[in-house]
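Keep in mind the model is a prediction, meaning the values are calculated, not measured. Numbering of residues begins at 1 and proceeds along the displayed sequence.
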Amino acid sequence: MTGRTDVTGRTNVTGMDIGIQHLRCFLTLAEEEHFTWAADRLGISQPTLSRQIRRLEETLGRALLDRSTRHPRLTAEGRRLQAELHILLPRLEAALRPPEPEAPFRLGYAWGFPRTLGRRAMEYMEEHHQVLVQPVRTDDRTAGLRDGAVDAALLWGGVTDPRLTSVEVLRDRRVAAVSRRSTLATRSTVTWRDIGRRCLVVNTVSGTLTPDDWPKSATPEIGAETTNIEEYLHAVAARRGVGVLPSSVAAQHPDPDVLYLPLTGAPPATLHYVRPRTDPHPHATTLQTALLSAVSDAPARPVTHRAARRAEHAR
């Protein structure tokens with residue numbers, strides 16, 4: 001069989017068109033040796049199948065079937081074409097089949113996804129690299145990265161696992177989270193030493209602070225241990241302790257019973273982009289570059305006391 005195959009899968013032979021459907025019909029009939037069975041397998045009517053085979057024979061200018069018997073038998077030309085199509089047709093169909101969509105890049109996080117930073121990087125990856133980045137929340141110290149549930153992660157605080165490598169992408173101010181019934185709620189700001197004189201709410205799964213982060217002269221006691229942001233805020237609202245959060249995380253979790261206050265003297269919260277040290281995702285380095293570029297274009301804004309008061313009045 002000679003001719004050219006175009007992008008639609010049609011082959012031009014002696015000025016006439018043959019489509020993949022003609023070839024598929026012939027190959028199915030050659031295997032079934034029965035028009036009714038072949039038509040049923042193809043999901044078409046028997047007359048349609050007959051027309052497809054006749055068109056193929058007319059185009060090629062030779063008989064492919066011997067119709068003198070009760071069931072169609074292949075001629076010598078038909079057997080030759082069948083042998084070639086067994087190899088060529090699957091390859092042709094595979095070549096013309098649209099590529100499978102690439103699996104999303106799974107980006108893990110635990111405490112809070114940095115929306116401005118993360119979404120700008122996600123848009124860049126999709127627009128310039130056609131890579132869909134899917135944020136995946138996992139309440140775990142590495143946000144599922146150590147277990148392979150995600151391809152990379154945005155983590156508050158560093159990691160010490162030698163199998164992982166990290167780069168700092170953002171420094172954020174911390175704010176104090178206090179119950180609206182707390183005596184601290186009347187203040188305009190809270191100091192790091194003020195927190196040291198109170199009970200502290202800690203996240204034991206993915207949190208970054210412990211009482212050891214305060215000076216020995218002002219070390220807080222643990223008032224409640226939690227495992228995720230929802231439990232954390234419930235404990236604060238119930239006055240079981242004071243919380244400390246990155247301002248960008250606090251902005252994502254307004255609570256009618258919790259007030260966020262500026263916190264002076266506190267070390268900054270650092271956000272790290274973390275990925276496997278060996279055999280990382282092919283786009284892991286590209287996403288890192290996108291995150292760093294997004295930071296330089298749009299630095300994070302802390303939650304101020306004035307903004308918190310405006311949000312309170314708006315409710």
Side-chain angles (χ1 to χ4, degrees), residues 103-119 121-122 125 131-172 174-175 177 200-213 222-237 240-255 258 267-288 290-292 294-295 300:
F105 186 108
R106 301 162 301 169
L107 181 61
Y109 71 97
W111 266 106
F113 188 76
R115 291 177 181 172
T116 300
L117 166 66
R119 289 174 181 173
M122 290 166 60
M125 293 292 290
V131 176
L132 179 65
V133 179
Q134 178 181 345
V136 179
R137 174 180 162 181
T138 303
D139 292 319
D140 173 76
R141 183 66 194 95
T142 63
L145 183 57
R146 186 181 289 114
D147 299 331
V150 295
D151 301 304
L154 289 172
L155 304 177
W156 293 102
V159 293
T160 58
D161 192 323
R163 296 170 296 177
L164 305 176
T165 181
S166 67
V167 60
E168 182 182 309
V169 295
L170 178 68
R171 289 198 168 199
D172 198 3
R174 285 189 166 102
V175 296
L200 183 69
V201 178
V202 297
N203 182 330
T204 59
V205 173
S206 58
T208 61
L209 291 178
T210 70
D212 294 336
D213 293 298
I222 295 178
E225 294 183 343
T226 63
T227 61
N228 56 58
I229 186 65
E230 287 80 13
E231 293 178 1
Y232 193 90
L233 293 179
H234 289 324
V236 171
R240 296 179 60 191
V242 177
V244 177
L245 294 172
S247 62
S248 57
V249 174
Q252 295 179 47
H253 297 281
D255 188 299
V258 175
T270 57
L271 181 69
H272 290 77
Y273 174 71
V274 186
R275 61 179 177 83
R277 187 176 297 277
T278 59
D279 195 25
H281 189 282
H283 296 290
T285 301
T286 306
L287 180 55
Q288 175 178 309
L291 287 165
L292 293 172
V295 170

Open item on the list: On a heavy-atom basis, which atom in Ala284 and which in Arg275 lie closest, and how many Å separate them?
Closed with: CB-CD, 3.7 Å
Task: Side-chain heavy-atom pair Val159, His272 within 4.5 angstrom cut-off - done: no
- [ ] Output yes when a side-chain donor or acceptor of Asp213 lies under 3.5 Å from a complementary backbone atom of Thr210, and no otherwise.
- [x] yes
TODO: Verify, without hydrogens or angle tests, whether Asp172 (side chain) and Ser248 (backbone) share a donor-acceptor contact under 3.5 angstrom.
DONE: yes
- [ ] State, yes or no, whether a side-chain contact exists between Arg163 and Thr142 at a heavy-atom distance under 4.5 Å.
- [x] no
Open item on the list: Looking at Thr270, is its backbone amide N or carbonyl O close enough to the side chain of Glu168 to form a donor-acceptor pair, meaning the two atoms are under 3.5 Å apart?
Closed with: no
TODO: Search all heavy atoms of Pro104 against all heavy atoms of Asp151 and return the closest pair with its distance.
DONE: O-OD2, 3.9 Å
Open item on the list: Would you say that Glu231 contacts Asn228 through its side chain, given a criterion of any heavy-atom pair below 4.5 Å between the two side chains?
Closed with: yes
Open item on the list: Looking at Tyr109 and Trp156, would you say the former's side chain and the latter's main chain have a donor-acceptor pair under 3.5 Å?
Closed with: no
TODO: Quick one: pull up CD in Glu230 and NE2 in His253 and give me the separation to the nearest 0.5 Å.
DONE: 6.5 Å
- [ ] Would you check if Arg174 and Pro267 make a side-chain contact, meaning some heavy-atom pair closer than 4.5 Å?
- [x] yes
- [ ] Could you go through the side-chain contact (heavy atoms from CB on, under 4.5 Å) check for Leu291 and Leu287 one step at a time?
- [x] CA-CA 6 Å; Leu291 287 165; Leu287 180 55; 4.2 Å; yes
Open item on the list: Is there a side-chain contact between Leu164 and Leu145 in this structure, where contact means two heavy atoms from C-beta onward sitting under 4.5 Å apart?
Closed with: yes
- [ ] To the nearest 0.5 angstrom, please state how far the CD atom of Glu225 sits from the CG atom of Leu200.
- [x] 10.0 Å
TODO: Would you mind reporting whether Val150 and Leu107 have side-chain heavy atoms less than 4.5 Å apart?
DONE: no
TODO: Hey, could you give me the NE2/CE distance between His283 and Met125, rounded to the nearest 0.5 Å?
DONE: 6.0 Å
Task: Derivation and outcome, side-chain contact (heavy atoms from CB on, under 4.5 Å), residues Phe105 and His281 - done: CA-CA 8 Å; Phe105 186 108; His281 189 282; 3.4 Å; yes
Open item on the list: I want to check something: taking the side chain as every heavy atom from C-beta on, are Pro114 and Leu154 in contact at a cut-off of under 4.5 Å?
Closed with: yes
- [ ] Rounded to the nearest 0.5 Å, what's the gap from CZ on Arg141 to CG on Asn203? Could you check?
- [x] 9.5 Å
- [ ] Considering non-hydrogen atoms only, spot the tightest contact between Val175 and Ala250 and give its length.
- [x] CG2-CB, 3.7 Å
- [ ] Please report the closest heavy-atom contact between Arg171 and Pro268, naming both atoms and the distance.
- [x] NH1-CG, 4.0 Å
Open item on the list: So, taking the atom named OG1 in Thr208 and the one named CH2 in Trp111, what distance separates them when rounded to the nearest 0.5 Å?
Closed with: 8.0 Å
Task: Polar side-chain atom of Thr226 near backbone of Val202 as donor-acceptor pair, under 3.5 Å - done: yes
- [ ] Evaluate the side-chain proximity of Leu292 to Tyr273: yes if any heavy-atom separation is below 4.5 Å, no if none is.
- [x] no
Task: Flag for Ser206-Asp139: side-chain donor and acceptor within less than 3.5 Å - done: no
- [ ] Output the distance between atom CG (Asp140) and atom CZ (Arg146), rounded to the nearest 0.5 Å.
- [x] 6.5 Å
Task: Ala143 to Ala153 - nearest heavy-atom pair and separation - done: CB-CB, 4.1 Å
TODO: Over all heavy atoms of both residues, which pair between Ile229 and Arg137 is shortest? Give the atoms and the distance, please.
DONE: CG2-NH2, 3.7 Å
TODO: Please check if the side chain of Asp147 supplies one atom and the backbone of Ala149 the other of a donor-acceptor pair under 3.5 Å.
DONE: no
